[in-house]
Every structure is written in structure tokens, then in C-alpha cells.
*Asks:* 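Provided herewith is a single structure, encoded as C-alpha cells, for subsequent inquiry.
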Amino acid sequence: MKMVLDNGQTGDEFGVNEEIYLNNVKPWTAETPNLYTLYVYLKKGDKVLEVVPLRVGFRHIEIKGGQLLVNGQPILIKGADRHELDPDGGYIVSVERMIEDIKIMKQLNINAVRTCHYPDDPRWYELCDKYGIYLTAEANLESHGMGYGDATLAKRADFEKMHLERNEANVKLFKNHPSIIVWSLGNEAGFGPNFEKAYKWVKEYDQTRPVQYERAPFDGGYTDITCPMYADYNWCERYCKGNNPRPLIQCEYAHAMGNSMGGFKEYWDLVRKEPKYQGGYIWDFVDQGMRDKSPITGRTIFTYGGDYGQYPASDYNFNCNGIIAPDRRLNPHAYEVGYYYQNVWVTDKGLKEGKFEIYNENFFKTLDDLELQWFVGGAAGKHHHASANMPAGMTFGHGGTIDIRGIQPQQRKLIADEQLKQTIERVLGHHGDQEIFVIFQFKSKYGEPLIEKGQTLARQQFQLSKYQFPALDAAKAEVEKEETNTYVKLTAAGTAISVGKHTGMIDYLNVDGRQMLEFRESITPEFWRAPTDNDYGAGLQRRFATWKNPQMRRKAFNVDGNSIAVTFDLPDQKAELTLTYTLTAEGEVIVREQMKTDKDAKVSELFRYGMQLQMPKQFNHVTYYGRGPVENYIDRNSSEFIGVYENDVQKEYFEYIRPQESGNHTDVRWFRVIGADGQGLEFYSNAPMEASAVPYSTGQLDDGPSKDKKWGRHSGDLQPTGKTYIHIQQRQLGLGCVNSWGAWPRSEYRLPYKDYDFTFAIRPIKK
């Protein structure tokens with residue numbers, strides 16, 4: 001291995017320019033951050049004036065065959081953009097906070113950082129050397145506000161020196177850090193001769209690293225890596241099928257603003273499919289907010305640009321777009337990042353026979369430092385025969401471990417485990433009528449710097465047998481019936497419902513004399529949600545406005561035995577909605593919501609399709625069988641495994657910096673809302689549904705037609721109203737992540753204007 005010593009002053013009496021050859025060195029990578037100590041002596045004659053120890057690493061960077069290579073291997077950039085920001089220190093970030101951030105990055109399998117949009121504290125580079133983080137080191141050049149095209153400063157001769165000096169300083173100051181594998185000339189500063197000269201200077205000075213710049217023409221040189229911002233899936237796929245010789249690594253992608261990161265899976269499906277597409281840097285790592293107290297509630301809030309007067313420092317909450325919160329709590333979408341960035345994957349090769357394949361996605365190390373734990377079981381049965389290390393959400397089953405030593409980097413190994421096979425046979429034999437899963441967990445065997453022994457670094461869930469959803473047939477049954485000019489009341493098995501003839505809604509739901517709803521007409525159709533930041537960016541709060549408070553004209557009211565059917569005309573939506581309420585002999589209420597639309601009408605899509613209701617505040621606990629425990633959405637749920645989970649309603653709402661939709665769960669089999677005495681309501685359907693229970697109304701979380709208020713809104717400002725707000729839906733719109741200023745969720749995660757039919761049951765849970 002060759003090491004070049006060059007202080008950049010060759011030619012004068014203090015210059016050093018020397019090559020040293022070392023044998024059998026351990027190379028540096030983010031996976032194997034091997035460092036050596038180089039002692040630099042300053043001497044005058046035989047007298048030593050100063051000794052400076054330098055931590056150095058050895059690695060080789062090149063671009064070859066359309067890929068970025070480290071030590072000959074085409075790595076994947078599982079990255080995030082990082083601003084230097086602390087909720088208490090502002091732009092002064094302590095070493096302790098830096099180490100905490102790298103620990104979180106290791107937890108989320110983040111292996112690369114772009115130092116946007118300026119050089120960082122020198123200690124950050126040292127820590128990345130030590131703990132293993134690839135760096136794209138960016139120069140302090142950002143002139144977006146001056147404009148692009150002819151207006152860019154990159155074309156002005158009087159700014160040439162600034163462009164060159166800032167790149168020279170960046171390279172000369174940090175050139176000895178092995179963690180830096182790419183130089184970035186700057187950010188959003190247009191393109192012109194000044195960047196052409198900066199590129200040439202960096203390439204001449206440092207021939208060991210590639211150079212990138214996002215605004216450089218992708219097909220005209222001056223960037224060694226195609227590094228766009230927020231290129232969508234189709235653009236990326238077209239690029240990979242083209243003949244551009246540069247690797248594709250997005251310098252910013254998957255904009256993580258508010259409740260976001262829906263569709264992250266599809267980005268990484270494409271990365272793992274196309275060799276030229278090597279990942280990217282999520283915008284960005286941490287929400288840029290400052291810790292404060294709410295003047296309304298006294299609770300903690302995080303302030304942002306919109307809190308700072310008529311001329312805010314940023315566009316309202318626009319810089320709150322992190323994977324994690326300012327205080328370093330994981331935002332819910334962080335778990336999805338950690339899942340798709342993980343480095344070990346399992347493929348079912350006949351699990352019921354104990355056969356599966358492990359893929360080591362690392363490029364430089366084996367899986368010898370990991371322990372594979374497996375668990376076979378379920379969640380819906382009785383609580384018995386539980387393994388001591390049972391994964392969250394499971395209530396019964398058995399587990400074991402498998403030796404996975406010897407699986408080399410980028411290699412696959414087929415495993416046939418007899419104990420796993422026998423356990424699956426035994427569990428399926430005893431619980432064949434229940435939903436059974438296999439969960440694999442890859443845990444750190446010994447621990448390593450910033451990774452604890454036993455920490456889970458990769459995990460997957462596989463379904464062995466399917467859940468048996470009930471048919472929910474509205475069978476005829478004998479019930480007590482009371483009818484007046486204003487309502488119809490049905491009673492059976494201690495459950496009573498009253499449906500208003502004028503409103504067509506359930507006025508009350510009474511169980512053994514106890515009112516289960518907060519107020520009259522509490523159970524109503526719902527097509528709206530509190531818009532997320534991405535929704536606002538795409539203008540969906542206006543595009544979908546017709547569904548917010550639709551006018552519903554009752555046109556028919558029919559009673560047939562134990563069923564009441566009410567039909568409404570929705571004139572603005574060119575639709576007809578029929579609600580059918582059936583009380584069973586067991587005291588359950590089956591609700592069917594059918595919407596027929598005009599196929600020729602031009603009506604917007606929906607935020608969601610389902611029903612909502614409110615229960616008194618004493619019903620403050622949820623237990624559910626579905627994906628959890630973290631909130632999840634149809635396009636962001638892979639990291640949340642199906643199981644039985646419970647939580648307080650107050651904790652089901654995640655306090656995003658700015659209030660918005662939160663608390664949803666997908667693939668729900670049943671969802672219970674109960675009080676301290678165990679009494680409450682259970683909701684279930686004849687197919688997987690979505691559900692949530694939060695302490696705030698949609699109106700409290702909704703910013704209205706525009707969120708650009710003079711002063712910012714914060715989740716810490718919210719005050720519970722004393723109700724539990726429940727949303728039971730067939731489906732909710734996905735979240736999206738391509739960007740937060742116009743992109744919609746992918747088409748398969750949307751709710752187009754069409755006919756819908758949703759049935760669910762309400763089962764009283766008695767003491």
C-alpha cells in the first residue's frame with residue numbers, strides 16, 4: 001500500500017513530498033474502519049520541536065464500469081444529508097452530540113453522510129474516520145437565491161476567486177481523512193465557468209477521489225457522479241437503462257418532511273435491481289428546530305422559521321424534514337429507513353421445510369459478528385409457551401438460533417435447519433387455525449463501537465398461515481325494535497343503537513346501560529385527513545377539498561328486521577352513499593358503507609374511505625392486531641411487523657414538529673379501544689383494514705387551506721379535548737416521499753374516484 005505525504009508546499013524549504021510503501025495493511029471502509037497512527041515530527045537539526053499524531057486509513061476510490069468503487073467493490077450509499085444543528089446549541093454541536101448522531105446512524109444502517117452545504121466541524125471527520133461513515137465532503141458554496149441560468153454567480157468573473165478559494169480550502173483542510181470518498185463542489189449554485197475551473201483544480205490536486213456537482217450537466221462533464229436532487233422512480237430507471245457512464249447517486253432524495261417516507265421501498269427495490277444506481281442521501285438527517293416551551297401548554301415544542309416574525313429565517317416549517325427529531329427521537333419513518341438500509345436479507349426457499357437463503361449485502365465483512373435468532377409463533381392465540389426472547393407483538397411460540405459464520409461479503413447461503421422445520425411443524429400442528437409467522441432477527445454477537453451487544457441490525461417477518469377473516473354476513477336476527485317519528489332503536493344482548501331518521505346516523509350506542517359514544521351522531525363517514533406536509537406541498541388540501549365536509553342529503557330510510565339502511569345523495573361529489581347498520585343477535589353492530597360514483601364525472605381523489613367516531617376520554621387505551629407498534633401507512637409499513645400491540649391513546653399520536661395526520665395502523669385484523677376496567681369497543685372487518693385512535697380531532701390537526709400562518713403551529717401546543725378520536729377505514733392515502741413541493745404518492749397507494757364498499761363490525765367488550 002502506498003502512502004503519499006504532501007503538505008502542499010513542495011518547493012520551499014519546509015516542503016515534504018514523499019512516498020512510503022507499507023505491507024499487509026488492513027484497508028479502511030465504513031464497514032471495517034481500520035486506522036493507523038502516523039506520527040509527524042517537526043525537527044530542527046536533531047531537536048524535536050513538535051510531534052503530531054495523525055489517524056490515517058488506507059483505501060482506494062475509483063469509478064469503473066459505471067460504478068463508484070471502494071477497494072474494488074461497488075458499494076451502496078445508504079446515506080443521509082446532515083446539517084450541523086443542535087436543539088439547544090444551534091449551530092454549535094458538541095462532540096457528545098456528534099457521537100450520539102453516529103450511534104443513531106449505525107442503528108438505522110446509515111453508512112454515508114453528505115456534509116451539506118459547507119465543511120463541518122473538523123471533529124466530525126475524525127469521528128467518521130473512527131466509527132466508519134463514508135463522506136461526500138461539500139464546499140461552502142450555496143447561491144441558490146441568486147438564480148440559475150444567466151443569473152448564476154458561477155458565470156461572473158468577479159466571483160471566480162470565491163468559487164476556487166472555497167473548494168481549495170475544503171480539499172486542503174480535509175484531504176487526509178479516509179472517510180471522505182467524494183468531493184462536492186457546492187450546492188444549488190448554478191453552473192458556469194467558475195465551477196468548471198473549480199472541478200479542474202480539485203481533479204488536478206487530488207487524483208484519488210471523484211468529484212461531484214449536482215448542477216453540472218449530466219452529459220457534459222464536470223461531475224464524475226450523476227447526483228440529481230429528488231429524481232423520481234421513472235427518471236432513475238430511465239437513467240439506468242441509458243448509456244451515461246456515470247454512477248447514479250442522488251445527493252438529495254426521499255424528502256423526509258413531517259409524516260413522510262412513503263414509497264421508500266420502491267426506491268430501494270430499484271437500487272437493488274440496477275447496478276448503476278448506488279443509492280443516495282436522504283434529505284435530511286435531523287429536523288432543524290430549536291427547543292422551547294409552548295406558551296399555550298407549557299410543553300416542549302421545537303420552533304422553526306415560521307415562529308420568527310414577518311421575515312422568518314426559513315419557509316415556516318420547511319427545514320423540519322429529518323429522519324429524526326431535533327432531540328434525537330426517531331421519527332416514525334426512521335424505522336422504515338433502518339429496514340431498507342439493512343445489510344442482511346432472508347429469502348423464503350421453502351420455510352415450512354426449514355429452508356431459507358441468507359444474503360450478506362455487506363461488501364467487506366462476513367456475518368461472523370452477527371447471531372441469527374428465529375422465532376415461530378403467532379399473536380392471536382392464548383398466552384402460553386412463550387419464548388423468553390419473543391419478538392414484540394407475538395404472544396406464543398418457540399425460537400432458536402442458527403450459526404451463520406462464514407457467509408462472505410456479497411454472497412448467499414442456502415440454509416436447511418431441522419430444528420426450525422420441526423418447530424414450524426409443531427406450531428402449525430397445534431395452532432393451525434391461527435395466523436403463524438417466522439421472524440428472523442440478526443443481532444450483534446459481541447458489540448462494537450457504538451453498537452451494543454444484542455442490538456438488532458436486521459430483521460424480517462414471513463407469514464406461514466393466513467388469518468381467517470370473518471364473513472360479516474348480515475344475517476337476520478330477532479331484536480327489540482322501537483320506532484318513532486324521529487328515530488329507530490334496535491336492542492339485542494345488552495346493546496342498543498339508535499339511528500336518527502333525519503340524520504341517518506347512529507345517535508347513540510349503549511352497552512348494558514353505558515353510553516359508548518361521546519355525543520349524538522358520533523359515527524359518521526370520513527373521506528378526509530389532516531393534511532401532511534407532503535399533502536400541502538402537492539396542494540392536495542385544495543385538490544381534495546370537496547371531500548372535507550361533503551353535503552349529504554338523505555334520500556331514503558329503510559328498516560328491514562334487524563337492519564337499517566340509509567341512502568344519501570352527495571351532490572358535489574356526484575355520488576350516492578348508503579350506510580347500513582345491522583344489529584346481530586350477539587349485540588354486535590355491522591356497519592356497511594357503500595359509495596356509487598358517476599363514471600363520467602370529474603371528481604378529485606380521496607384522502608381516505610371509512611368511518612370515524614368519538615368515545616369518552618376514559619376509553620384511553622388501545623390493543624390491536626395489525627402492523628405496529630410504530631404508526632404506519634400503506635406505502636410505509638414494511639418495518640412494522642404484524643402482531644398484537646397495546647398503547648395509551650395519548651401516545652398513539654406522534655408529536656411531529658407541526659401537527660398533521662398521525663397514528664395510523666395498516667393490515668389491522670381487529671382494533672380495541674378500552675378503559676381502565678377493560679370495557680370498550682372492538683372493531684374488525686372481513687379483510688385487512690386500517691385504524692387509529694388519537695387524543696386530537698382531525699380539525700385540531702388540520703391547518704386549513706394553507707399552513708403559511710404568521711406564527712408556527714406545534715404539536716406541543718395541542719390540548720386534548722377529553723375525547724378519544726377513532727378512525728376505522730378501508731384505506732388511507734399513502735404518504736409519498738419523492739419531494740414535498742408537488743409530488744403525489746405512487747398511484748398504487750392512492751384512492752381514485754370510484755365505487756367503494758367497506759364493511760366492519762363493532763363488538764362491545766364487556767367487563
*Asks:* Any salt bridge between K365 and D369, counting N to O under 4.0 Å?
*Replies:*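 Yes, K365 and D369 are salt-bridged.
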
*Asks:* State which residues pass side-chain contact (heavy atoms from CB on, under 4.5 Å) with P245; sequence neighbours excluded, sorted by chain then number.
*Replies:*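 Checked P245 against side-chain contact (heavy atoms from CB on, under 4.5 Å); zero matches.
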
*Asks:* Compare all side-chain heavy atoms of V344 with those of L457 and state whether any distance is below 4.5 angstrom.
*Replies:*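 No; the side chains remain at least 4.5 Å from each other.
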
*Asks:* Would you sort out whether Q660 and D535 count as a side-chain hydrogen bond (donor to acceptor under 3.5 Å, both in side chains), showing the intermediate values?
*Replies:* CA-CA 10 Å; Q660 55 197 283; D535 293 338; over 6 Å; no

*Asks:* Hey, are Q434 and Y467 close enough side-chain-wise for a donor-acceptor pair under 3.5 Å?
*Replies:*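 Note: Y467 and Q434 side chains miss the donor-acceptor criterion.
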
*Asks:* May I ask you to decide whether E425 forms a salt bridge with K352, counting only side-chain N to carboxylate O separations under 4.0 Å?
*Replies:*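 Answer for the salt bridge query: no.
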
*Asks:* Which label fits H431 and F396: parallel for a plane angle under 30°, tilted from 30 to 60°, or perpendicular past 60°?
*Replies:*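 Correct class here is tilted.
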
*Asks:* Using the side-chain hydrogen bond (donor to acceptor under 3.5 Å, both in side chains) rule, take Y239 and N244 through it: C-alpha gap first, then chi angles, then the decisive distance, then the call.
*Replies:* CA-CA 7 Å; Y239 179 89; N244 194 309; 3.2 Å; yes

*Asks:* What residues form a side-chain hydrogen bond (donor to acceptor under 3.5 Å, both in side chains) with S179, not counting sequence neighbours?
*Replies:*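 Here the qualifying residues are D129.
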
*Asks:* Under 3.5 Å, is there a donor-acceptor pair between the side chain of Q67 and the main chain of P275?
*Replies:*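 Pair found, side chain donor or acceptor close to backbone of P275.
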
*Asks:* So M689 and F683, do their side chains get closer than 4.5 Å, heavy atoms only?
*Replies:*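 They are in contact (side-chain heavy atoms under 4.5 Å apart), so the answer is yes.
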
*Asks:* Hey, does K413 have a side-chain heavy atom less than 4.5 Å from the side chain of E357?
*Replies:*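 Counting from C-beta outward, E357 and K413 never come under 4.5 Å.
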
*Asks:* Do R246 and L248 have side-chain heavy atoms sitting under 4.5 Å apart?
*Replies:*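 A side-chain contact under 4.5 Å is absent here.
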
*Asks:* Who are the side-chain contact (heavy atoms from CB on, under 4.5 Å) partners of S465, not counting sequence neighbours?
*Replies:*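 Partners of S465 under the side-chain contact (heavy atoms from CB on, under 4.5 Å) test: L428, I436.
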
*Asks:* Are N637 and T666 close enough that a side-chain donor and a side-chain acceptor fall under 3.5 Å?
*Replies:*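 Yes - a donor-acceptor pair under 3.5 Å links their side chains.
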
*Asks:* What pairs of residues pass the salt bridge (charged side-chain N to carboxylate O under 4.0 Å, His left out) test when at least one of them lies in residues 441-459, not counting sequence neighbours?
*Replies:*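 Output for this query lists K103-E452.
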
*Asks:* Are the side chains of L540 and F607 in contact, using a 4.5 Å heavy-atom criterion?
*Replies:*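 Answer yes - side chains close enough.
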
*Asks:* Tell me, please, which residues at least two apart from Q468 pass side-chain contact (heavy atoms from CB on, under 4.5 Å).
*Replies:*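 Listed in chain order: nothing, the list is empty.
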
*Asks:* Determine the interplanar angle of the F264 and Y340 rings, folded into 0 to 90°, and report it as parallel if under 30°, tilted if 30 to 60°, perpendicular if over 60°.
*Replies:*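 Ring orientation, 0 to 90° scale: perpendicular.
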
*Asks:* Test of understanding: with side-chain contact (heavy atoms from CB on, under 4.5 Å), list the residues that count as partners of R328, not counting sequence neighbours.
*Replies:*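 Counting only residues at least two positions away or on another chain, R328 forms a side-chain contact (heavy atoms from CB on, under 4.5 Å) with P87, R97, E100, D101, I104, V286, I324.
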
*Asks:* Tell me every residue that passes side-chain hydrogen bond (donor to acceptor under 3.5 Å, both in side chains) with W744, counting only those two or more places apart in sequence or in another chain.
*Replies:*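 For W744, no residue satisfies side-chain hydrogen bond (donor to acceptor under 3.5 Å, both in side chains) once neighbours in sequence are set aside.
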
*Asks:* Side chains of Q107 and Q455: any donor to acceptor distance under 3.5 Å?
*Replies:*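 No, no side-chain donor-acceptor pair sits under 3.5 Å.
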
*Asks:* Does E631 have any salt bridge (charged side-chain N to carboxylate O under 4.0 Å, His left out) partners at least two apart in sequence or in another chain, and if so, which?
*Replies:*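 By the salt bridge (charged side-chain N to carboxylate O under 4.0 Å, His left out) rule, E631 matches R636.
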
*Asks:* Name all residues meeting the salt bridge (charged side-chain N to carboxylate O under 4.0 Å, His left out) criterion together with D533; count only those two or more places apart in sequence or in a different chain, and write none if there are none.
*Replies:*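 Listed in chain order: R658, K707.
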
*Asks:* Go through the steps to decide whether Y281 and Y253 satisfy the test ring pair (Phe, Tyr, Trp, His ring centres under 6.0 Å), and finish with yes or no.
*Replies:* CA-CA 6 Å; Y281 297 91; Y253 82 119; 8.4 Å; no

*Asks:* Within 45° of the ring axis of F285 and under 6.0 Å from its six-membered ring centre, is that where the NZ or CZ of R82 lies?
*Replies:*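 Because its charged atom misses either the 6.0 Å distance or the 45° angle limit, R82 does not stack over F285.
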
*Asks:* Could you tell me if H398 and T423 have a donor-acceptor pair between their side chains, going purely by distance under 3.5 Å?
*Replies:*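 The answer is no; no qualifying pair exists.
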
*Asks:* Under a 3.5 Å cutoff, is there a donor and acceptor pairing between the side chains of E336 and Y341?
*Replies:*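 No - no donor-acceptor pair under 3.5 Å links their side chains.
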
*Asks:* Can you say whether the rings of F440 and F356 are parallel (under 30°), tilted (30 to 60°) or perpendicular (over 60°)?
*Replies:*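 Tilted, since the angle between the ring planes falls between 30° and 60°.
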
*Asks:* Under the criterion side-chain hydrogen bond (donor to acceptor under 3.5 Å, both in side chains), I'd like the reasoning laid out for H255 against S740: C-alpha separation, chi angles, the key distance, then a yes or no.
*Replies:* CA-CA 6 Å; H255 201 261; S740 298; 2.7 Å; yes

*Asks:* Does N343 have any side-chain hydrogen bond (donor to acceptor under 3.5 Å, both in side chains) partners at least two apart in sequence or in another chain, and if so, which?
*Replies:*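 N343 satisfies side-chain hydrogen bond (donor to acceptor under 3.5 Å, both in side chains) with K78 only.
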
*Asks:* Is the closest side-chain donor-acceptor distance between S692 and N664 under 3.5 Å?
*Replies:*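 Per modelled atom types, S692 and N664 side chains form no pair under 3.5 Å.
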
*Asks:* Checking side-chain polar atoms at under 3.5 Å, does Y656 have a donor or acceptor matched by the opposite partner on D287?
*Replies:*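 There is no such pair between these side chains.
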
*Asks:* Between the side chains of N360 and N362, is a donor N or O closer than 3.5 angstrom to an acceptor N or O?
*Replies:*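 A donor-acceptor contact under 3.5 Å links the two side chains.
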
*Asks:* Find out whether I133 and N111 are in side-chain contact, i.e. whether some heavy atom of one side chain is under 4.5 Å from a heavy atom of the other.
*Replies:*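 I133 does not reach N111 side chain to side chain.
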
*Asks:* With sequence neighbours excluded, tell me which residues meet side-chain hydrogen bond (donor to acceptor under 3.5 Å, both in side chains) with D433.
*Replies:*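 In terms of side-chain hydrogen bond (donor to acceptor under 3.5 Å, both in side chains), with neighbours along the sequence ignored, D433 is linked to no residue.
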
*Asks:* Is the count of non-hydrogen atoms from other residues, nucleotides or ligands lying under 6.0 Å from K355 atom NZ greater than 12?
*Replies:*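 Atom NZ in K355 is not packed in, count stays at 12 or less.
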
*Asks:* Any side-chain donor-acceptor pair under 3.5 Å between Y633 and E661?
*Replies:*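 Per modelled atom types, Y633 and E661 side chains form a pair under 3.5 Å.
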
*Asks:* Cation-pi between K265 and Y267: NZ/CZ under 6.0 Å from ring centre and within 45° of the ring axis?
*Replies:*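 Geometry flag: not set, cation outside 6.0 Å or 45°.
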
*Asks:* Would Y230 and E252 count as having a side-chain donor-acceptor pair, cut-off 3.5 Å?
*Replies:*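 Looking only at side-chain atoms, E252 and Y230 do form a donor-acceptor pair, the distance falling under 3.5 Å.
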
*Asks:* Is the number of heavy atoms from other residues, nucleotides or ligands within 6.0 Å of CZ (R405) greater than 12?
*Replies:*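 Counting other residues, nucleotides and ligands, CZ of R405 stays at 12 neighbours or fewer.
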
*Asks:* Can you give me the closest heavy-atom contact between A30 and P33, atom names plus distance?
*Replies:*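 Looking at all heavy atoms of both residues, the shortest contact is O-CD, 4.0 Å.
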
*Asks:* Heavy-atom distance under 4.5 Å between the side chains of F363 and E31, does that happen here?
*Replies:*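 They are in side-chain contact.
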
*Asks:* Can a side-chain donor-acceptor contact be found between T759 and N686 if the only test is distance below 3.5 angstrom?
*Replies:*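 Not at all, the side chains of N686 and T759 share no donor-acceptor pair under 3.5 Å.
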
*Asks:* What pairs with D368 under salt bridge (charged side-chain N to carboxylate O under 4.0 Å, His left out), at least two apart in sequence or on another chain?
*Replies:*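 Checked D368 against salt bridge (charged side-chain N to carboxylate O under 4.0 Å, His left out); zero matches.
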
*Asks:* So, do T29 and Y134 sit near enough that their side-chain heavy atoms are less than 4.5 Å apart?
*Replies:*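 Sidechains of Y134 and T29: in contact.
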
*Asks:* Using a strict threshold of under 4.0 Å (side-chain N to carboxylate O), is an ion pair present between K276 and E274?
*Replies:*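 Judged by the 4.0 Å cut-off on N to carboxylate O distance, E274 and K276 do not form a salt bridge.
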
*Asks:* Go through the side-chain N and O atoms of E640 and H665 and say whether any donor and acceptor fall under 3.5 Å apart.
*Replies:*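 Not at all, the side chains of E640 and H665 share no donor-acceptor pair under 3.5 Å.
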
